[in-house]
Amino acid sequence: MDLSNLNKEQREAVITTKGPLLILAGAGSGKTKTLTSRIAYLLEEEKVSPYEILAITFTNKAAGEMKERIIDLVGFAGEKIWAGTFHSMCLRILRMEIEEIGYKPNFVIYDETDQQSLLKQILKEQNLDEKSFPPRLVANTISNFKNELLDPKGAKRYINGDFIMEKNVELYEIYQEKLKQNNAVDFDDIIMLTVQLFKANSEILSKYQNRFRYIFVDEYQDTNHAQYTLIKLLAAKHRNICVVGDDDQSIYRWRGADIQNILNFEKDYPDAKIVKLEQNYRSTQAILDAAYSVIKFNSERKDKRLWTDKKGGELIDYFTALDEEEEAFFVSREIKKRVVSGENTFADFAVLCRTTAQFRVIEENFIKNGIKYQIFGGMKFYSRKEIKDVLAYLKAIANPDDRISLARAISTPKRGIGEASWNKVNQYADENNIPITLALLDAAAASVGAKAGKAMVEFAEKMVEFQALSAEIPLHLLLETVLEQSGYMQMLNEEKDVEAMSKKENLEEFFSIVTAFDRDHEPSAENLSHFLAEVALYTDLDNLNDKENTVTIMTMHGAKGLEFPIVFIVGMEENIFPHARSIASMAESEMEEERRLCYVALTRAKEKVILSRSLAHMLYGRTNRNMPSRFLGEIPANLLNDLSYRKKQNSFSTSNGLSHKPIQPQNMDKAEKFNIGDKVAHNKWGIGVVVGIKGAGDDLEYKVAFPEQGIKTLIAKYAPIKRA
DNA sequence: AGCTAAAATGTTTTT
DNA sequence: CATTTTAGCT
């Protein structure tokens, strides 16, 4: 196999096929290329079967891309490797083996909303009020336990006489029982239960240990204890484990990621080989210098510095706006300028935000300015109300024990069944130890009122019918039947507002997703569960479409592993970035995580970074004023280019009176006048001839004929053209 | 039970 | 400011 396109370190990583290997890969150091080459090398040179390879990536999209690249290198065999996220891999195992630990194979996955509903219900039953036990916090505590592989028993050790913690552990215990009763698992269970399964049954563990002779884990710095243990168990037999990571890019410690996993790799595997990839192929020297100048303020890191052949590069632009509207306008203007001049296309840009709440202003401004964009993160498609409603039906069909989904389905549309009646049937089911569906059919015996009782029986009978259908007819037909016969469609048709219209559109889209699934799956109960699991693990990051010519708007977290020619980072303000919570926490470690996030954001850029902030900021209906982000101050002034037209102004002296002056275009003074027939030189397209002139002043446009590209329309004030 | 209107509350980051 | 939760009414 030809390895000549790899550098020395990359090649070393590729040909070290036996034993533990740690690849410390800096941002943009060709990590994916190295990983895919290494897998291709195993397949081609060492004749390893693709079935023996497990590759764990951070998103399903990354897994798909990795597979594609491997297929490019070695052909169809690449299709057969196991590649996916921790969650998708564990789910695949659980689907086959979960009965071993007392769940049924048709289990469903609870998302945060389902989790929240369950917790609220438990709090009510326990007479604990939500003020002292905010469900969010309880869920968080439980999540932390699970990430540490602590079951309720194990969690007791952490009470230490703390009343709140004691209650939290009690709640955890009940929550876990209820999940099992509902035959449901939450996100963290997916990992924890797989570990429990492996620990409970050595035969099953051996099966997978034997199978996976070669294991890869990407983004190892962001694995938590449960994931770490899982990999350690799986790799124990063959010990051919290759992990890739960068401590400077660890940005998920808030959800349990443990940096020690990467730092202790050498302790876990004393014979580990370590390869460092420090040459950066992505960014210019200016960007790397800026990124380094920020990250070097962290004390909790191994010092290292990326280098590149791409000397120089453009300075980091920096703009101060009056308010977020103007900040968004600035972004639009900069993008438009470069697109109209022909230097870039929309797809070259990303706008990175610290929080999803910042998306809206940007989005609205993009719409106003006709900038095409895609948004990743924020409100997910599958968490929309109408989608969650139909999913509740499907989940209850797949798993009749799922009372959370059943409760949602039974009350949408309204059937005259209220909380009181619902509680009665639940109690009746528990007391007689019968499935909830049977209890519903026997509503009268549960002493539910006549009207509500009749509705319950009707509902339950329908659900039983749907269940029978689910194994026989394709999903899209099942969906259609459910929407019709449950009265859901009728309910939507009666709502005549705009909302209802958009709900219907979303359901249409869901319908086509389901139809697409049907194309390569036979109707069966298993495939319904399979579909629901796919939906549960779906993130819109997986849908990132780089073929569309659009600007990408996303969080900095979402941008991990991606790259763009030009990156905007908006909201460079204290309290936004770094986030107010990490400032308030006083823990230096939280600030260091923000700083790593800044490092990740900066190193996404290939050619240019454009930072911005605004002087006034709206939060909860009040105007706030934030200081410039400390990270701005950490970038040396000689790397920054201040674009602000009011740069001499003090940040706090601009309260009132300042009107929105139009922003002056940067190269106004340079704009030359041309006539038809003049020869002009364009930065990107070379020499062309002016063949048309339209408009005047700021709107002056030239039509220029280029030999290669044909006739292009250029806005005079932005176009990078000179007389030739 | 279920609607409407008033009141309260809240934002990191995500598999 | 938005969105969600609750109280009060029918």
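Labels below follow one simple rule: chain letters A, B, ... track the order of the sequence lines, proteins then strands, and each chain is numbered from 1.
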Just to verify, what does [X] make a side-chain contact (heavy atoms from CB on, under 4.5 Å) with, not counting sequence neighbours?
X	answer
A:Ala63	A:Thr57, A:Ala83
A:Val535	A:Tyr382, A:Leu391, A:Phe531
A:Asp151	A:Lys153, A:Gln196
A:Asn183	A:Tyr103, A:Lys104, A:Asn106, A:Phe107, A:Asn399, A:Asp401

Scan the side chains in residues 187-195 of chain A for donor-acceptor partners under 3.5 Å anywhere in the protein, sequence neighbours excluded, and list what turns up.
from: A:Asp188; atom 1: OD2; to: A:Ser143; atom 2: OG; distance (Å): 2.9
from: A:Asp189; atom 1: OD1; to: A:Lys146; atom 2: NZ; distance (Å): 2.8
from: A:Asp189; atom 1: OD1; to: A:Gln176; atom 2: NE2; distance (Å): 3.0
from: A:Asp189; atom 1: OD2; to: A:Lys146; atom 2: NZ; distance (Å): 3.2
from: A:Asp189; atom 1: OD2; to: A:Asp186; atom 2: N; distance (Å): 3.2
from: A:Thr194; atom 1: OG1; to: A:Ile190; atom 2: O; distance (Å): 2.6

Ranges pairing with ranges for DNA chain B, where each run has three or more Watson-Crick or G-U pairs under 3.5 Å: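 DNA chain B forms these stems: B:1-10 with C:1-10.
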
Which pairs count as ring-ring contact (aromatic ring centres under 6.0 Å, His included) when at least one residue sits in residues 120-142 of chain A, sequence neighbours excluded? none

Does A:Thr555 have a side-chain nitrogen or oxygen under 4.0 Å from the phosphate oxygens OP1 or OP2 of B:dT14?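 The answer is yes; a side-chain N or O of A:Thr555 sits under 4.0 Å from OP1 or OP2.
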
Qualifying residues under ring-ring contact (aromatic ring centres under 6.0 Å, His included), relative to [X], sequence neighbours excluded:
X	result
A:Phe349	none
A:Phe366	none
A:Tyr393	none

Pick the nucleotide of DNA chain B nearest each of A:Phe58 and A:Arg354; which residue has the one closer to the 5' end?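 Nearest nucleotide further toward 5': that of A:Arg354.
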
Range on DNA chain C touched by chain A, heavy atoms, distance below 4.0 Å: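 Span of nucleotides near chain A: C:dC1 to C:dT5.
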
Rounded to the nearest 0.5 Å, what separates atom CG in A:Leu128 from atom CD1 in A:Ile122? 10.5 Å

For nucleotides 2-11 of chain B, which of its nitrogen or oxygen atoms have a protein nitrogen or oxygen under 3.5 Å away, and what is each distance?
from: B:dG2; atom 1: OP1; to: A:Gly416; atom 2: N; distance (Å): 2.5

